[in-house]
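Structure first, commentary second.
Protein chains get the first letters and strands the later ones, always in sequence-line order, with residue 1 at the start of each.
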Amino acid sequence: MLDIKFVRNNPEAVQEALKKRGSNISLEPFLRLDERRRKLITETEQLKNKRNVVSEQIGRLKKAGQDAQEMVQQMRQVSDQVKEMDEELRALEEEIDSFLLGIPNITDDSVPAGKDESDNIELRRWGEVPNFGFEPKPHWELGESLDILDFERGGKVTGARFSFYKGLGAALERALMSFMLDMHTREHGYVEIFPPFIVNADSMTGTGQLPKFAEDMFKLENLDYYLIPTAEVPVTNLYRQEILDGNKLPIYHCAYSACFRAEAGAAGRDTRGLIRQHQFNKVELVKFSRQEDSWDELEKLTANAERILQLLGLPYRVINLCAGDIGFSAAKTYDIEVWLPSYQAYKEISSCSNFVDFQARRANIRYKEGKGKPKFVHTLNGSGLAIGRTAAAILENYQQADGTVTIPSKLQPYFGGLTQIG
RNA sequence: GGAGAGAUGGCCGAGUCGGCUGAAGGCGCUCGCCUGCUAAGCGAGUAGACGGUUUAGAGCUGUCUCGAGGGUUCGAAUCCCUCUCUCUCCGCCA
């Protein structure tokens, strides 16, 4: 959520930022409501002040055994009036709130203009795209021929976009999870969290999934609980409604979680394989930083995610998302895309964002330094990495002519020294 | 799932028959004084949100917040209702 004062004082700048994202929401109604709100606050507060002062007098008079009937009558009226005005104010604030909750974050100046993914800017590439001396297979075929992935039975047991990992496939998933967490905790300074996979609506609002993106999530029946679409949600909300000690910042957390996404509107896209599932595994990186440090932290976080791909020897590129393609809550996002031979393209495997104070304001996460007033933290997060897609990339990039798959050397210890699948 | 107890400021903890209690007292912390060092002692301060005033900040000032929401009342931390969470006992369970 944007700072209401900032919007009030810089309506043109905000309007401009919205346009950059390709949104034509008008701030007009907001400005009107805001003005009405402030006027109403002043009026009700004056009335309340009167009530407080007179009520005190009444108490004193009564104690002295004097009559205060007239004042009581008067205050009864004042009280009724206050009640009415409070009601109007409440409705007004609800309207303002829901308006602000629907406004996306302002993108940073370093975010390129543009309307969709074709306007994203590639920043760098790493690794060599493999040159097979044979016809490479997509991971879903490798998975079936090696008997380590089962999409058909996933469909039977649950439904489309669910799958089973089996044998060394399951081991690969587990190895990747451990490898990533080990790297981030031991070498990158993150403290591991194992979060709940179900959160309440307040948490979903805190990180920006609600109220706008309800259809993308799985909601539990009869409860205001949701399956998390990413560990970002429970981990960022860890400190919701808290004031952190500025000396403890930055806080680095990494977390494994299963992720659940309804993928509304994704019909027909990535229908085969592990790329787009309703449930997938991911290791997430989350940071809470001082305001002045968050841009440096974004670079470091992205580097931490890239390091995993480097150690696994998977070719990738990093792109700077343009304003039209960037997520609702983010001020800036780097996508890391891994090379997938089956797609003959780079495919997103991590998304690293700085949200600045956007989530912190929604979730009310602040910090205090010295005697200063509490300030909103800056939150960041990025995948470190999406495990299913990493597994797919390994199967495809490390496949051999005979249909077996070499296990990347850094992963072999997690397989008891085994060097290949199949 | 059944029965009971509770939820007050950074922490502990008081709050009488509803009214000078945004909250006693203690601890902790901060600043100052004092002090060979340390310890002790003395003094002051020590929540947040939203408004107003102000170029801004500071300051001053108003309103709201004693788990959340609602109600009664001129007035509620104190009375009533609903919900949430925590603890204890029983049952069940990985």
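Distance, A:Ile365 CD1 to B:G48 C1': 16 Å, rounded to whole Å. Atoms NZ (A:Lys83) and C1' (B:C74) sit 12 Å apart, rounded to a whole Å. Taking atom CZ of residue A:Arg361 and atom C1' of nucleotide B:G48, one finds them 16 Å apart after rounding to whole Å. Rounded to a whole Å, the CG atom of A:Asn9 is 10 Å from the P atom of B:A56. Note: CE (A:Met75) to P (B:A76) measures 14 Å, nearest angstrom. A straight line from CG of A:Asn364 to P of B:A47 spans 18 Å, rounded to a whole angstrom. Atom CD1 of A:Ile243 is separated from atom C1' of B:A49 by 10 Å (rounded to the nearest Å). Atom CG of A:Asp86 is separated from atom C1' of B:G71 by 15 Å (rounded to the nearest Å).
A:Arg272 CZ: 12 or fewer foreign heavy atoms inside a 6.0 Å radius. Heavy atoms of other residues, nucleotides or ligands lying less than 6.0 angstrom from OH of A:Tyr414 number more than 12. Heavy-atom neighbours of A:Glu117 CD from other residues, nucleotides or ligands within 6.0 Å: at or below the threshold of 12.
For the C1' atoms, the distance linking B:C90 with B:G10 amounts to 37 Å, nearest Å. B:U54 and B:G59: their C1' atoms are spaced 10 Å apart (whole Å). With both ends at atom C1', the span from B:G19 to B:G26 equals 27 Å, rounded to whole Å. Taking atom C1' in both B:U8 and B:U78, one finds a spacing of 11 Å when rounded to whole Å. Using atom P as the reference point in both B:C64 and B:C20, the two lie 14 Å apart (nearest Å). Separating the P atom of B:G41 from that of B:C27 is a span of 9 Å, rounded to the nearest Å. Nucleotides B:C85 and B:U72, compared at atom C1', are 26 Å apart to the nearest Å. Annotation: B:A58 and B:A40 have their P atoms spaced 35 Å apart (nearest Å).
In this structure, A:Arg90 reaches neither bases nor backbone, as no heavy-atom distance under 4.0 Å exists between it and the strands shown. Within 4.0 Å (heavy atoms only), A:Arg8 reaches sugar-phosphate atoms of the nucleic acid but no base atom. At the heavy-atom level, A:Lys39 lies nowhere under 4.0 Å from the strands shown.
Side-chain atoms of A:Asp270 never come within 3.5 Å of backbone atoms of A:Ile275 as a donor-acceptor pair (strictly under, hydrogens ignored). Here the side chain of A:Gln66 pairs no donor or acceptor atom with the backbone of A:Leu61 at under 3.5 angstrom. Using a distance-only test at 3.5 Å, with no hydrogens or angles considered, a donor-acceptor pair links the side chain of A:Gln15 to the main chain of A:Leu27.
An OP1 or OP2 oxygen of B:G75 is reached within less than 4.0 angstrom by no side-chain nitrogen or oxygen of A:Arg76. Of the side-chain N and O atoms in A:Arg38, one or more sit less than 4.0 angstrom from OP1 or OP2 of B:G52.
In a base pair of the Watson-Crick type (N1 to N3 plus N6-O4 or O6-N4) or a G-U wobble (N1-O2 and O6-N3), with each distance short of 3.5 Å, B:A3 is matched with B:U88. With a cut-off of 3.5 Å on both Watson-Crick or G-U wobble distances, the partner of B:C66 is given as none. Shown here, B:G75 forms no base pair; nothing in the strands shown gives a Watson-Crick or G-U wobble contact with both key distances under 3.5 Å. Checking B:A44 for Watson-Crick or G-U wobble geometry (two distances, each under 3.5 Å) identifies B:U30 as its partner. Remark: B:G25 base-pairs with B:C12; criterion is Watson-Crick or G-U wobble with both hydrogen-bond distances under 3.5 Å. Applying the Watson-Crick and G-U wobble criteria (two distances, each under 3.5 Å), B:U54 pairs with nothing in any strand. Under the Watson-Crick or G-U wobble criterion, with both distances below 3.5 Å, B:C37 has no partner in any strand shown. The base-pairing partner of B:C17, taking Watson-Crick or G-U wobble contacts with both distances under 3.5 Å, does not exist among the strands shown.
Between A:Tyr190 and A:Tyr252, the two ring planes are tilted [angle within 30° to 60°]. Taking the six-membered ring where tryptophan is involved, the planes of A:Phe197 and A:Phe194 are essentially parallel, since the angle between them stays under 30° and well short of 60°.
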Atom pairs, N/O to N/O, protein against nucleotides 62-68 of chain B, distance under 3.5 Å?
from, atom 1, to, atom 2, distance (Å)
B:G62, O3', A:Asn49, ND2, 2.9
B:G62, N2, A:Glu45, OE1, 2.9
B:G62, N2, A:Glu45, OE2, 3.0
B:G62, N3, A:Glu45, OE1, 3.3
B:U63, OP1, A:Asn49, ND2, 2.8
B:U63, OP1, A:Asn52, ND2, 3.1
B:C64, OP2, A:Asn52, ND2, 3.3

Please list, pair by pair, any protein nitrogen or oxygen found under 3.5 Å from a nitrogen or oxygen in nucleotides 16-22 of chain B.
from, atom 1, to, atom 2, distance (Å)
B:G19, N2, A:Ser55, O, 2.7

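Between A:Glu263 and A:Arg276 there is a salt bridge, since a side-chain N of the basic residue sits under 4.0 Å from a carboxylate O of the acidic one.
Here the two rings, on A:Phe218 and A:Phe260, have centers that are 6.0 Å apart or farther.
Closest approach to the A:Tyr225 side chain among B:C74, B:A49, B:C85 is made by B:C85 (side chain taken as heavy atoms from C-beta onward).
Taken to the nearest 0.5 Å, the CD1 atom of A:Ile251 stands 5.0 Å off from the CG atom of A:Leu244.
For the residue pair A:Gln359/A:Glu232, the side-chain donor-acceptor check at 3.5 Å is satisfied.
Take the nearest nucleotide of RNA chain B for A:Ile4 and for A:Lys368: the residue whose nucleotide is more 5' is A:Lys368.
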